[in-house]
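To start, the structure under review is shown below, and the notes come after it.
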Amino acid sequence: MTRKPHIAIIIGSTRAARFADKPAAWLLENAQKRDDMSFELVDLRDYDLPLFDEVASNLWVPSQDPRAIKWQQKLAEFDGYVFVTSEYNHSISGSLKNALDQAYKEWNRKPAAAMGYGGVGAARAIEHLRGIAVELQMVPLRNAVHLGGGDFFKVSPLGANGEMAEVEANLLPSLNAMLDELLWWAEATMAQRAKTA
């Protein structure tokens, strides 16, 4: 491998009152302790994506909206993705689903990991995300990080609003397993994409 995989940590909520920033910052800080991948935080708020309104997916027809094109160009920079997701009514947020729909080719043959937060650690949202990832020809990972239950309420404004360090010991084993798996698939898919480039 000539270069390290470059991974996007995508904040999947755009609400003004979102909690996502705290777990995303924790995830980025801990991921950057590794020297085998590089990481960049990507915030959906920075892209002002319209609701999907193209003729078709960019698999079939080039997108016309410059905001969608800007998003696609950003996604193309990465070798894999970690989605930081909440759970809205047993699924991912509308803003994250719309962002996923605004690209196609850029997601293909790259691994998709997730960190979820909420009462059940966004387990159901991450399951939906995995199904969407399959359709976008990503490699959804088995391992994920779930910030849920008592740990969620220790660090959330809905509870004690403590520091992530208070629950870190419970999260790090899952994080390390997820990142190890992400590295394996990122290197494998990079090698395959290089062969077909």
Side-chain angles (χ1 to χ4, degrees), residues 5-34 37-52 67-103 106-107 110-130 132-133 136 138 140-141 143-148 151-152 155-159 161-165 167-168 171-172 174-175 178-179 182 186:
H6 188 45
I7 307 297
I9 296 174
I10 298 177
I11 299 179
S13 173
T14 57
R15 288 190 311 129
R18 73 182 183 191
F19 170 69
D21 299 276
K22 188 183 279 189
W26 175 85
L27 176 60
L28 178 63
E29 178 184 352
N30 282 280
Q32 287 179 328
K33 293 176 182 175
R34 297 178 68 111
M37 293 181 279
S38 62
F39 296 86
E40 181 179 337
L41 202 60
V42 177
D43 191 339
L44 292 188
R45 284 181 180 169
D46 296 334
Y47 290 87
D48 187 32
L49 289 169
L51 288 175
F52 181 77
R67 295 168 293 180
I69 294 167
K70 177 184 174 186
W71 173 240
Q72 292 161 6
Q73 290 170 339
K74 187 63 182 176
L75 295 175
E77 297 175 11
F78 300 103
D79 303 301
Y81 310 94
V82 181
F83 297 94
V84 179
T85 184
S86 52
E87 183 169 310
Y88 295 174
N89 301 315
H90 290 206
S91 192
I92 60 175
S93 68
S95 56
L96 178 54
K97 178 61 167 70
N98 184 56
L100 287 157
D101 291 342
Q102 294 282 0
E106 295 76 16
W107 301 118
K110 299 175 185 177
M115 178 178 183
Y117 58 87
V120 295
R124 297 163 296 205
I126 290 173
E127 280 302 302
H128 280 191
L129 181 60
R130 288 179 176 130
I132 295 164
L136 293 171
M138 288 191 269
L141 303 190
N143 289 293
V145 180
H146 299 278
L147 173 59
D151 284 349
F152 172 69
V155 298
S156 165
L158 297 174
N161 202 23
E163 297 300 319
M164 289 293 293
V167 299
E168 183 171 84
L171 299 177
L172 283 175
S174 296
L175 176 63
M178 182 184 76
L179 293 178
L182 179 61

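All residue numbers refer to positions in the sequence shown, counting from 1.
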| query | Going through the distances and angles, do M138 and L100 end up as a side chain to side chain contact (heavy atoms under 4.5 Å, CB included)? | reply | CA-CA 11 Å; M138 288 191 269; L100 287 157; 4.1 Å; yes
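For the pair R130 (side chain) and L141 (backbone), a donor-acceptor distance under 3.5 Å is present. A donor-acceptor pair is defined here as one N or O able to donate and one able to accept, closer than 3.5 Å; such a pair exists between the side chain of N98 and the backbone of P50. For the pair K22 (side chain) and G162 (backbone), a donor-acceptor distance under 3.5 Å is present.
For residues 77-88, the salt bridge (charged side-chain N to carboxylate O under 4.0 Å, His left out) pairs, not counting sequence neighbours, are R3-D79, K74-E77, D79-R193, E87-R124.
Within the 4.5 Å cutoff, the side chain of V155 has heavy atoms near those of the F19 side chain. With contacts defined as side-chain heavy-atom distances shorter than 4.5 Å, the pair P111/Y81 does not qualify. Taking 4.5 Å as the limit, every side-chain heavy atom of K110 sits out of range of all side-chain heavy atoms of L75. In this structure, the side chains of L179 and I7 stay at 4.5 Å or more apart for every pair of heavy atoms. Two residues are said to be in side-chain contact when any heavy atoms from C-beta on lie closer than 4.5 Å; W26 and L147 fail this criterion. The shortest side-chain heavy-atom distance between K97 and Y88 does not fall under the 4.5 Å cut-off. Within the 4.5 Å cutoff, the side chain of M164 has no heavy atoms near those of the N30 side chain.
A centroid separation of 6.0 Å or more is found between the aromatic rings of W71 and F52.
Counting heavy-atom neighbours within 6.0 Å of E168 CD, excluding the residue itself, gives a total above 12.
The minimum heavy-atom distance between A31 and F39, with the atom names listed, is O-CE1, 3.4 Å. Smallest separation of non-hydrogen atoms from A125 and T85: CB-OG1, 4.4 Å. Contact between S95 and S13 at its shortest, heavy atoms only, is OG-CA, 3.9 Å. Across A20 and V84, no two heavy atoms sit closer than the pair O-CG1, 4.2 Å. Nearest heavy atom pair, residue L136 against residue A103, reads CD2-O, 3.9 Å. Annotation for A68 and Q102: closest pair CB-OE1, 3.5 Å, computed over non-hydrogen atoms.
Atom-to-atom distance recorded for L175:CG and L27:CG is 6.0 Å, nearest 0.5 angstrom. Going from atom NE2 of H128 over to atom NE2 of H90 covers 9.0 Å, rounded to the nearest 0.5 Å. Note that CG of L129 and CG of L96 are 6.0 Å apart. Values are rounded to the nearest 0.5 Å. Between the OG atom of S86 and the CZ atom of R15 there is a distance of 7.0 Å, given to the nearest 0.5 Å. The CD atom of Q32 sits 7.0 Å away from atom CD1 of I9, with the distance rounded to the nearest 0.5 Å. Considering NE2 of H146 and OG of S174, their distance stands at 7.5 Å, rounded to 0.5 Å.
Residues passing the side-chain contact (heavy atoms from CB on, under 4.5 Å) test with L158 are F152, F153, S156, sequence neighbours excluded.
In summary, of the residues considered (V145, L182, L28, V42), a side chain to side chain contact (heavy atoms under 4.5 Å, CB included) with V82 occurs for L182 alone.
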